[in-house]
Amino acid sequence: MARLGTPEGVVRTALSRLARDGLLEARRIGRRSAYGLTDRAQAEFTAAIPRIYGAPAPSWDGALHLAFPTPGADRTPLEHAGFALLSPGVLAGTTPPPPGTSTLRATGSSADLQTLAARAWSLPTLAESYAAFHTLMAPLDPPRPTTPLEAIAARIALVHAWRRVALKDPGLPAPLLPPDWPGHPARTLARRLAATLTQGATAWLDGADAGADAGADAGARALPPGELPMFR
């Protein structure tokens, strides 16, 4: 984290908050504390993995599925299934909703379905996020040789920036997206950078002296913005 320019006190505060929120649990090893994911956090992260690292949206049956949940009913299962509010009491999705929900299958021209999708999902905002990600990470492309420590720092920064966009993406099929959708080149860039950084990052994580390296680097200078984009 020092390599990313994050002060030690900020790291400690973040760890304490995550532990207080039930996402991390600590155990003492001598005078040190080691942190690991709780079962709850592991379940949440496992569910997010396909959305962060997975492929683009699967094949689509050409229809929008409109769900009409009972007033006051918990909409969380629908939201987890990718449904978004189209109008009061009506949610739209690209796949059949979970069982127990009244639904209607809406078909029509590509233009009509694109119009409905634009009403349900905030595509302009998402497009801006993808464009900003591409602008932010483009200085790392084409990749240059890095040390294992530089690779793990860059990969952490890459995943941190990418997940903030990917987890907001409902995964709409290509026919429902505007032309020249910026999510496509952003995803291509993220995959290319991740592939080139993974070997070095893994070497650092798997190294027998990774802990010693991390401690020795604690006072090292942070990479300046010209070498590695900084995130807040």
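In this view, R17 satisfies the side chain to side chain donor-acceptor pair (under 3.5 Å) rule with no residue, not counting sequence neighbours. Every residue was checked against the ring pair (Phe, Tyr, Trp, His ring centres under 6.0 Å) condition with F83, not counting sequence neighbours, and none meets it. The salt bridge (Lys or Arg N to Asp or Glu O under 4.0 Å) check on R51 picks up nothing, with sequence neighbours excluded. Every salt bridge (Lys or Arg N to Asp or Glu O under 4.0 Å) that R192 has, sequence neighbours left out, goes to D141. By the salt bridge (Lys or Arg N to Asp or Glu O under 4.0 Å) test, E44 is found to be paired with R40, residues two or more places apart in sequence or in another chain being considered. With sequence neighbours excluded, the residues that form a side-chain contact (heavy atoms from CB on, under 4.5 Å) with T107 are A63, R105. Applying the side chain to side chain donor-acceptor pair (under 3.5 Å) rule to T38 yields no partners; only residues at least two apart in sequence or on another chain are considered. Considering only residues two or more places apart in sequence or on other chains, P178 meets the side-chain contact (heavy atoms from CB on, under 4.5 Å) condition with L123, W181. By the side chain to side chain donor-acceptor pair (under 3.5 Å) test, S122 is found to be paired with T125, residues two or more places apart in sequence or in another chain being considered. The side-chain contact (heavy atoms from CB on, under 4.5 Å) search around A34 returns R27, I29, not counting sequence neighbours. For the side-chain contact (heavy atoms from CB on, under 4.5 Å) test, residues two or more places apart in sequence or in another chain that qualify with T76 are D74, H80.
Residue A41 comes nearest to L23 through the heavy atom pair CB-O, 3.2 Å, listed as atom of the first residue, atom of the second, then distance.
Hydrophobic clustering (side-chain heavy atoms under 4.5 Å, transitive across Ile, Leu, Val, Met, Phe, Trp, Tyr) groups L197 together with L136. One hydrophobic cluster, built from ILVMFWY side chains closer than 4.5 Å, cannot hold both L78 and V90; they sit in different ones. When the side chains of ILVMFWY residues are joined at heavy-atom separations under 4.5 Å, either directly or via intervening members, M1 and W204 end up in a single hydrophobic cluster. Linking Ile, Leu, Val, Met, Phe, Trp and Tyr whenever their side-chain heavy atoms come within less than 4.5 Å puts V165 and Y53 in one cluster. In the hydrophobic clustering of ILVMFWY residues, with side-chain heavy atoms under 4.5 Å counting as a link, L15 and F45 come out together.
Expressed to the nearest 0.5 Å, how far CD1 of I156 lies from CZ of R3 amounts to 12.0 Å. Note that CG of L24 is 9.5 Å distant from CG of D21, once rounded to the nearest 0.5 Å. Here the straight-line distance linking atom CG of D169 with atom OH of Y130 works out to 3.5 Å at 0.5 Å rounding. To the nearest 0.5 angstrom, E8 atom CD is 10.5 Å from T13 atom OG1. E79 CD to L91 CG: the interatomic distance, rounded to the nearest 0.5 Å, is 7.0 Å. Between the CG atom in L116 and the CG atom in L66 there is a gap of 7.0 Å [rounded to 0.5 Å].
L172 is listed as a side-chain neighbour of W121, based on a closest heavy-atom distance under 4.5 Å. Between H134 and P185 there is a side-chain heavy-atom pair separated by less than 4.5 Å. Annotation: side chain of L176 is in contact with side chain of L64 (closest heavy-atom distance under 4.5 Å).
For the side chain to side chain donor-acceptor pair (under 3.5 Å) condition, the pairs that include at least one residue of residues 64-73, sequence neighbours left out, are D61-H65.
R28 places a side-chain N or O within donor-acceptor distance of the main-chain N or O of R31, the cut-off being under 3.5 Å.
For the 3.5 Å distance criterion, the side chains of H160 and R163 qualify, holding a donor opposite an acceptor.
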